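Here is the structure we will look at, set down as structure tokens.
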Amino acid sequence: MDEITLRVTDEEYEKLSYLAEYYGISLSELIKKYSIAHLEDVYTEVKKEIQQ
């Protein structure tokens, strides 16, 4: 498994930690779930654009 390091401000960390706690998941899972969900849509659009 690969690892990615993400640097955030203290304020961003507090917000992300709050949301992770609210949803009852780890901070890593929160970031993966919501960033990948968004980026999959972007990836699909880019792939369509390249194939045209």
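Predicted model, so just to flag it, every value in this text is computed and none were measured. The first residue in the sequence is number 1, and the count goes up from there. The analysis underlying the following values was restricted to heavy atoms, covering all of them including side chains, and did not include hydrogens, waters or symmetry mates.
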| Tyr22 and Leu30: same hydrophobic cluster, using ILVMFWY side-chain contacts below 4.5 Å? | yes
| remark: salt bridge (Lys or Arg N to Asp or Glu O under 4.0 Å) pairs touching residues 3-12, sequence neighbours excluded, are Glu11-Lys15
| Sequence neighbours excluded, every pair satisfying salt bridge (Lys or Arg N to Asp or Glu O under 4.0 Å) that has a member inside residues 17-40 | Glu29-Lys32
| said: Please say yes or no: joined through hydrophobic side-chain contacts below 4.5 Å, possibly via intermediate residues, are Leu39 and Leu19 part of one cluster? | reply: no
| field | Within one Ile-Leu-Val-Met-Phe-Trp-Tyr cluster: Ile50 and Val42, side-chain cutoff 4.5 Å | value | yes
| said: Once rounded to the nearest 0.5 Å, what's the spacing between atom OH of Tyr13 and atom OH of Tyr18? | reply: 15.5 Å
| request: Look up atom CG in Leu6 and atom CG in Leu16, then write down how far apart they are to the nearest 0.5 Å. | output: 8.0 Å
| field | salt bridge (Lys or Arg N to Asp or Glu O under 4.0 Å) involving Lys47 - partner list, sequence neighbours excluded | value | none
| request: Might you point out which heavy atoms bring Lys48 and Gln52 nearest each other, and give the distance in Å? | output: O-CG, 3.2 Å
| query | Do Ile36 and Val46 share a hydrophobic cluster (ILVMFWY, side-chain heavy atoms under 4.5 Å, transitive)? | reply | no
